[in-house]
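Here is the structure we will look at, set down as structure tokens.
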2 protein chains.
Amino acid sequence: MTPTADCPGHPTPAKARRRLPAAERERQIVEAAAQFFAEHGLGGQTRELAKELGITHSAIFRYFPTKEALLDRVYEHVYVKRWNPAWTGLVCDRSQPLSSRIVRFYAEYTEQIFDFVWVRIFVFSGLKGYDIAPRYLATIRERVIHPICAEVRADLGLPDPETIPLTEREIEAAWAMHGKVFYLAIRKFVYGWPIPHNLSQTISDDVTSFLEGSRFIFLESVSSAEFRKNKQY
Amino acid sequence: MTPTADCPGHPTPAKARRRLPAAERERQIVEAAAQFFAEHGLGGQTRELAKELGITHSAIFRYFPTKEALLDRVYEHVYVKRWNPAWTGLVCDRSQPLSSRIVRFYAEYTEQIFDFVWVRIFVFSGLKGYDIAPRYLATIRERVIHPICAEVRADLGLPDPETIPLTEREIEAAWAMHGKVFYLAIRKFVYGWPIPHNLSQTISDDVTSFLEGSRFIFLESVSSAEFRKNKQY
DNA sequence: ATCGTTGTTGACCGCTTGGTAACAAGCTAT
DNA sequence: ATAGCTTGTTACCAAGCGGTCAACAACGAT
């Protein structure tokens, strides 16, 4: 396209700035790249990205030695600092009923996660085999899944995970709820399929359904784990 | 994998056939292409696919006018005929308890769906904006989600969807279970993350948890829908 | 053998791709 | 101004891409 499209008819066409300070241009490129790669996949072309920025693709390579380096910056920009450290404590704060703790966590969590760029780049890099997804899921397991299981145990008057380690069934029950929430995001941003308009109602239902529905799983799998443990002596 | 791996050292290496009848070669290409595109994405190169087949990329274009045409055949090969028509009736067969019907459906369903090629091509084409995913989800909604909701209604002694239309909350509750199952597939084939070794136990837990946990959602949302309906007169 | 048929090849075309280098256009200080 | 640094563009490269085509190699029938 015409790079200098400042319609030659205008005498003083507001003179849109074409030369930006380095730091600002760099930030601008990263931001546009995140949106761009989320849309077109990680294989999207730098030339097209440049076009959207109104610069040439060579300009991008002034700021990033390679496309890979740009992608690394995009990952950093999208995934770092989106985790609120307060969340971990939130689930364990027993001054409130368990269900409202979990509801509140997922309400805040989805506010960060239900994002076109976040979800799609996550899936794109998962498909490419990058380690973003496994590493992130390991974090979720430690900071969300396990704490929730521990709290459910406490809520049901069951022994804590230190005494009787969490079983696969219990962990999977917690993943079910997490999966439901993330599946909503996939439905929306990957499949382009509508999701319920009342998201907080949905989340609240999911949490209640999880707590109600998986109670017996916790009771059952803990008691059978206890049984196996006692048999050892 | 390598069909013609005739290690050049052998004097009479059984003479692995290089010239195949057209129909067989075509079938072979489609099958290899499905595996290949599932692995490398829909942007994978025909030359590399050809290399895996032990032929040149030109040979592929003898059988398929364009890469797009090959992809169409792959879609057909992967997604057509994987739906068992008996499934629709399965959920509605009231001679058995509802939970075992649903468990059985999802057991059979996952047997078809938990497949590297199926899941990844599904997600790849979803990200590209092809209509495979939305169309498929519409089918799931009609043939699985809605029937399950109707059966839950009947099981709880609630009015059928003809009388009181299904609410968004009820439908979403059923999607929760479906999403959990599909999220397992995504964890495995997209993120490369382990899933429980006892899949049938997990599915059975998920179904029980759904039926137990969403009972109140059905009761509540039906009664409020009835209330709204009566108010009209 | 010889012929036509058919699967396969290798060289080639035009376009796109990430990446480079030389040069032009702004800004700022003197 | 103009020197000097910074920012951006033009023009280019080499490799890779989907797709084409003429020639060739393997078969079956005669």
Side-chain angles (χ1 to χ4, degrees), chain A residues 1-6 8 12-33 36-37 39-75 124 128 130, chain B residues 2-6 8 12-33 36-37 39-75 124 128:
Chain A
M1 290 294 141
T2 53
T4 44
D6 12 39
T12 43
K15 200 67 176 182
R17 302 190 56 177
R18 325 194 68 245
R19 297 167 58 83
L20 295 181
E24 189 175 338
R25 178 68 84 190
E26 189 173 325
R27 200 190 45 74
Q28 193 190 70
I29 292 176
V30 171
E31 214 146 294
F36 179 81
F37 289 126
E39 210 167 315
H40 301 90
L42 310 181
Q45 329 171 18
T46 53
R47 275 174 170 84
E48 203 147 324
L49 162 61
K51 203 189 289 175
E52 286 191 8
L53 276 160
I55 58 179
T56 57
H57 84 290
S58 316
I60 293 175
F61 287 99
R62 167 170 296 275
Y63 295 92
F64 305 94
T66 127
K67 185 186 177 183
E68 204 55 38
L70 172 57
L71 276 172
D72 282 350
R73 282 293 306 278
V74 168
Y75 290 139
F124 271 126
K128 273 221 168 182
Y130 296 161
Chain B
T2 55
T4 45
D6 14 36
T12 42
K15 199 65 177 183
R17 305 191 54 179
R18 324 194 69 244
R19 297 168 57 83
L20 296 180
E24 189 174 339
R25 178 67 84 190
E26 190 172 324
R27 199 189 47 75
Q28 193 191 70
I29 292 177
V30 171
E31 215 146 292
F36 178 82
F37 289 126
E39 211 166 315
H40 300 89
L42 310 182
Q45 330 170 16
T46 52
R47 277 175 169 84
E48 203 149 323
L49 163 60
K51 202 188 291 175
E52 286 191 9
L53 276 160
I55 58 178
T56 56
H57 84 290
S58 319
I60 293 175
F61 285 100
R62 167 166 296 272
Y63 295 91
F64 305 94
T66 125
K67 186 186 177 184
E68 204 54 39
L70 172 57
L71 277 172
D72 282 348
R73 281 293 306 277
V74 167
Y75 289 138
F124 271 125
K128 273 220 168 182

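Everything quoted here is computed from the prediction, not taken from an experiment. Below, chains carry the letters A, B, ... as their sequence lines are ordered, and counting in each starts from 1.
To the nearest angstrom, C1' of D:dG18 lies 11 Å from CZ of B:F37. Whole-Å rounding puts the A:I55 CD1 to C:dA25 C1' distance at 15 Å. Residue B:L42 contributes atom CG, which lies 12 Å from atom P of D:dG18 at whole-angstrom precision. Rounded to whole Å, atom P of D:dG18 lies 10 Å from atom CG of B:L49. When rounded to the nearest whole Å, the span between CG of A:L53 and P of D:dT9 equals 10 Å. What separates NE2 of B:H57 from C1' of C:dG7 is a distance of 16 Å, to the nearest Å. Between the C1' atom of D:dT9 and the CG atom of A:L20 lies a distance of 15 Å, rounded to the nearest Å. Note: CD1 (B:I29) to C1' (C:dG7) measures 11 Å, nearest angstrom.
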For A:L49 and A:L70: C-alpha separation, side-chain torsions, deciding distance, then whether side chain to side chain contact (heavy atoms under 4.5 Å, CB included) applies.
CA-CA 12 Å; A:L49 162 61; A:L70 172 57; 3.9 Å; yes

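Of all the residues in residues 67-75 of chain B, B:K67 reach under 4.0 Å from DNA chain D with at least one non-hydrogen atom.
Nearest-nucleotide positions on DNA chain D for A:R47 and A:Y63 put A:Y63 closer to the 5' end. For the pair B:S58 and A:F61, nearest-nucleotide mapping onto DNA chain C gives the more 5' position to B:S58.
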Which atoms of nucleotides 22-24 of chain D (N or O only) lie under 3.5 Å from a protein N or O atom, and what are those distances?
none

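At the heavy-atom level, A:F64 lies nowhere under 4.0 Å from the strands shown.
Checked against side-chain contact (heavy atoms from CB on, under 4.5 Å), B:S58 has the following partners two or more places apart in sequence or in another chain: B:T56. When the side-chain contact (heavy atoms from CB on, under 4.5 Å) test is applied to B:Y63, the partners found at least two apart in sequence or on another chain are B:A22, B:R25, B:E26, B:I29. Judged as a side-chain contact (heavy atoms from CB on, under 4.5 Å), and not counting sequence neighbours, the contacts of B:F61 are B:T46, B:H57. Under the ring-ring contact (aromatic ring centres under 6.0 Å, His included) criterion, A:Y75 pairs with no residue, sequence neighbours left out.
The heavy-atom pair separating A:Y130 from A:L42 by the smallest distance is CE1-CD1, 3.8 Å.
Under the 4.5 Å side-chain criterion, counting only non-hydrogen atoms from C-beta, A:L53 is not in contact with A:F36.
In terms of modelled atom types and a separation under 3.5 Å, the side chain of A:K128 and the main chain of B:H40 share no donor-acceptor contact.
Atoms CD and CZ, from A:E52 and A:R47 in turn, are 15.5 Å apart once rounded to the nearest 0.5 Å.
For B:T46, the side-chain atoms get nearest to D:dG18 when compared with the rest of D:dG18, D:dT9, C:dG10.
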